[in-house]
Amino acid sequence: MRLTEQLFVTLREDPADAEVRSHALMVRAGFLQKLSAGIYIYGPMLWRVLRRVEQIVREEHDRVGYQELLMPALQPRELWEESGRWDRYVQDGILFHFADRKGSEVCLGPTHEEVITTYVKRMIQSYKQLPVMLYQIQTKFRDEIRPRFGLMRGKEFIMKDAYSFDVSADDMKASYEKMHKVYCNVFTRCGLRFTPVEADSGAIGGAGSEEFMVDAETGEDAIAVCHKTGYAANIEKAVSQIPAPDAAGDAVEMHKEPTPGAKSCEELLALFPNLPKTRLLKTVLYSATYEEREETVAVMCRGDREVNEIKLLNHLQAHSLELADEETVRSATGAELGFAGPLNLADGVRLLADQSVSGVEGFLCGANETDAHYLDVWFGRDLEQPETADFGVVQEGDQTGDGKGVIKITRGIEVGHIFQLGTKYSEAMDATFADKSQKVKPLWMGCYGIGVSRVAAAAIEQNHDENGMIWPLSIAPYAVHLVQMKAGQEEQDVLSQEIHDTLQAQGVDVLWDDRPKVGPGAKFKDADLVGIPLRVVVGRDAGDRRVEFGCRDGEGRETLGVEDVLSQILHACQEAGRA
RNA sequence: CGGGGAGUGGCGCAGCCUGGUAGCGCACCUGUUUUGGGAACAGGGGGUCGCAGGUUCGAAUCCUGUCUCCCCGACCA
């Protein structure tokens, strides 16, 4: 493709509203243009990348027996009432929904469990038809609380979603494991460095789930890993053995201490300089929302630890959970913010404790009275230890759950998530099959998503330098960037044309910078920005049929004969599966 | 949703405080020279200053409202 025959505009400066590199670089290179917050136009170059990613996804799914289909983005409310997710998604505000001209409510699909279950239940009657494995690649719509970072988190994005249907839990697990391998293959082929981690399944539901995290400092997710034991989990899900608390002092009687204005751990520790942080127990109040009711929940937690709201939410089996507002705190504690404690809470407040409080003796806690805390409080003596479970956030330096390693916290970009759904949707929506003995049973489902557009962004986050993007060969918009120094100079024209035509004929796509009146500096800068991995420079040695050949990452740049270069390129492309 | 910041040619910005005919760099167009790391010169085109009201002889600038975008937060009492 001649550059002069395509729309090619690059910017010299970063756009003012781009925070992360992938976003800024894609905009500068003309790959991406914002239409509105979280809504983007994918330019021709980016579309080539996305189609490459899609192609890899298709090949890896097809290879293990998945069939591609396409479901509608527009979905009727009734379907979501059947699964019971309408109210929750509307409440969360994530669902784009509206009424059609007849007043029937519809939504733009944020995911497709309901639709696929409907489709499959009409198709499947017998165990003989199972397993069934389907997938689609399609635009998803989610009214994100805060879209950001360009393609990383948009209101509209391209997703591959796959679904498996099996006769039993064991078969479902086998399908899940199969998909685990598919995902590893996909992301490896896309040139990404990634880590599969244990995950919380969130609003999708189901038992087991894993996320595929692209290792990147700018990732939105924190993950707990241990290289020694191989443990890896999203921080939302991660468990650990926490360091033991400091020893208690003398078993003196519990007594009230004046703590005027001391609302935070730091302020309290300043007032009690001899008190170790592990003997300060904070009490955090939450408002939990259930299907039919709300509840105020107080959670005790050691001063050096934090409450993991996801674990708490799951334990409570609540719809949603948020930090209690000031008014709720006042009525639950009878005090201003900052003095909540386990003693004398208002009736109806549910008291829980994180496991970190176990074994803490003679602690300091809020008195539920403004400007006062209790000191030297003991469980068993001054109050019973409340219902205790793991509601804590894992911290760097904790021991792994098995005690054999140490946790490190890193960050990642979630590009894939796989779930064992079980029978959650099939039971709710009556998707059943007849087994060998004519017994009607619900289908065992799995669902599996890849953020196709996010994969492109993640690839840039992981592969770029100060000059621009560096695409992995497998998903690059073009395999080869042919940079012609002087367009119009006959020897260069002829040789460039030959290189271009030869490669194209072999199935290697070439972007040919044939722009006249553009200096070499500008051409190199643009080539660096766009980040096509293989580069051929046709310049002063064109008459000798010699060109410069190198990689975008700067490795091994040298001047060679054309035939040699062509064969090296073909070889590299074949290896990357793109010729 | 709470807090902060910003809207001025396609992009990045100045001007606003102290009202008086809108400016710079990049990009773009024409011409000449130039061509291995963002070329030089000359000439040129393009902006109802987010939108709506108001104050004023006069508003990018002051006031009110509104929309949009970005960042932080939804964090422990």
Side-chain angles (χ1 to χ4, degrees), chain A residues 7-20 23-24 27-30 33-39 92-93 143 145-150 222 259 261-268 277 280-287 297-309 312 320-326 328-330 332-333 335-341 354 356 364-368 370-371 373 391-393 467-468 483-489 492 513 515-529 535 537-542 547-548 550 554 557 559:
Chain A
L7 185 58
F8 185 81
V9 180
T10 57
L11 301 175
R12 205 184 269 228
E13 288 168 294
D14 278 350
D17 59 3
E19 195 67 12
V20 297
H23 185 196
V27 172
R28 273 187 59 198
Q33 198 182 95
K34 181 169 68 193
L35 192 60
S36 175
I39 305 175
D92 288 352
D143 194 356
I145 302 174
R146 192 171 149 214
R148 57 180 152 181
F149 302 154
T259 54
K263 299 176 175 188
S264 68
C265 290
E266 283 62 39
E267 288 164 312
L268 285 165
K277 207 173 182 182
L280 189 161
L281 298 191
K282 52 195 177 190
T283 305
V284 189
L285 278 88
Y286 289 95
S287 294
V297 181
V299 185
M300 299 185 71
C301 176
R302 216 166 76 187
D304 61 328
R305 312 294 298 185
E306 291 179 2
V307 175
N308 181 327
E309 294 181 8
L312 182 58
S320 60
L321 185 73
E322 56 184 17
L323 210 60
D325 57 30
E326 288 191 30
T328 309
V329 173
R330 282 199 197 94
T333 65
E336 288 302 307
L337 265 72
F339 304 96
D354 174 50
S356 62
L364 179 85
C365 63
N368 291 326
T370 302
D371 295 340
H373 281 74
F391 301 124
V393 178
N467 295 317
V483 186
Q484 185 182 346
M485 290 288 88
K486 274 193 200 181
Q489 206 232 38
Q492 289 189 21
D513 190 347
R515 290 175 296 178
K517 298 185 177 180
V518 173
K523 288 190 176 182
F524 286 129
K525 286 288 182 192
D526 277 340
D528 286 346
L529 179 60
R535 184 179 304 175
V537 182
V538 176
R540 39 170 118 81
D541 301 321
V547 296
E548 183 184 295
R557 188 183 297 176
T559 300

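Each chain gets a letter, A, B and so on, in the order the sequences are listed, and its residues count up from 1.
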When we call it a touch if two heavy atoms are under 4.0 Å apart, what does [X] touch: a base, just sugar-phosphate, or nothing?
X        : answer
A/Arg305 : nothing
A/Val27  : nothing
A/Gln489 : nothing
A/Ala324 : base
A/Val299 : nothing
A/Arg557 : base
A/Val483 : nothing

Return whichever of A/Phe524 or A/Cys265 has its heavy-atom-nearest nucleotide of RNA chain B closer to the 5' end. A/Phe524
Name the residue closer to the 5' end of RNA chain B, choosing between A/Ser264 and A/Phe149 according to the nucleotide with the nearest heavy atom. A/Phe149
Are there over 12 heavy-atom neighbours, none belonging to A/Glu322, within less than 6.0 Å of that residue's CD? no
With the side chain of [X] defined as its heavy atoms from C-beta on, choose the nearest nucleotide among [options].
X        : options             : value
A/Thr10  : B/G38, B/C76, B/G36 : B/G38
A/Ile145 : B/G37, B/A74, B/C76 : B/A74
A/Asp528 : B/G37, B/G36, B/C75 : B/G37
A/Glu548 : B/C70, B/C75, B/G36 : B/G36
A/Ser36  : B/C75, B/C71, B/C69 : B/C69
A/Asp17  : B/G38, B/C69, B/C75 : B/C69
A/Glu13  : B/U35, B/G12, B/G36 : B/G12
A/Ala16  : B/A74, B/C11, B/C13 : B/C13
A/Ala37  : B/C69, B/G36, B/G38 : B/C69
A/Arg148 : B/G38, B/G36, B/C71 : B/C71

Distance, [atom1] atom - from [M] to [N], rounded to whole angstrom:
N     : M     : atom1 : result
B/U30 : B/C49 : C1'   : 29 Å
B/U32 : B/C51 : C1'   : 46 Å
B/G10 : B/C1  : C1'   : 35 Å
B/G9  : B/G46 : P     : 15 Å
B/C76 : B/A6  : C1'   : 32 Å
B/C41 : B/G47 : P     : 26 Å
B/C16 : B/A52 : P     : 24 Å
B/G20 : B/C62 : C1'   : 14 Å

Closest contact, heavy atoms only, [X] versus [Y]:
X        : Y        : result
A/Gln489 : A/Gln484 : O-NE2, 4.3 Å
A/Gly261 : A/Asp371 : N-OD1, 3.0 Å
A/Arg515 : A/Lys523 : O-NZ, 2.7 Å
A/Lys282 : A/Gly303 : NZ-O, 3.8 Å
A/Thr259 : A/Phe339 : O-CE2, 3.5 Å

Under 3.5 Å for both donor-acceptor distances, Watson-Crick or wobble: does [N] have a partner, and if so which one?
N     : answer
B/A60 : none
B/G25 : B/C11
B/G47 : none
B/C1  : B/G73
B/U30 : B/A42

Measure from [atom1] on [X] to [atom2] on [N] and round the result to the nearest Å.
X        : N     : atom1 : atom2 : answer
A/Gln33  : B/C69 : CD    : P     : 15 Å
A/Glu322 : B/C75 : CD    : P     : 8 Å
A/Asp14  : B/G12 : CG    : P     : 10 Å
A/Leu312 : B/C75 : CG    : P     : 12 Å
A/Lys523 : B/U35 : NZ    : P     : 14 Å
A/Phe339 : B/C76 : CZ    : C1'   : 15 Å
A/Asp526 : B/C11 : CG    : P     : 18 Å
A/Asp325 : B/C76 : CG    : P     : 14 Å

Donor-acceptor pair, A/Ser356 side chain versus A/Arg305 backbone, under 3.5 Å? no
In a check of side-chain contact (heavy atoms from CB on, under 4.5 Å) between A/Leu285 and each of A/Val297, A/Thr333, A/Leu337, which one passes? A/Thr333
State, yes or no, whether a side-chain contact exists between A/Glu266 and A/Leu268 at a heavy-atom distance under 4.5 Å. no
At under 4.0 Å, does any side-chain N or O of A/Lys486 touch on OP1 or OP2 of B/U34? no
Partner set under salt bridge (charged side-chain N to carboxylate O under 4.0 Å, His left out) for A/Arg535, not counting sequence neighbours: A/Asp528
With sequence neighbours excluded, what pairs up with A/Glu548 under the salt bridge (charged side-chain N to carboxylate O under 4.0 Å, His left out) test? A/Arg557
Look for any protein N or O under 3.5 Å of an N or O in nucleotides 39-42 of chain B and output each such pair with its distance, or none.
none

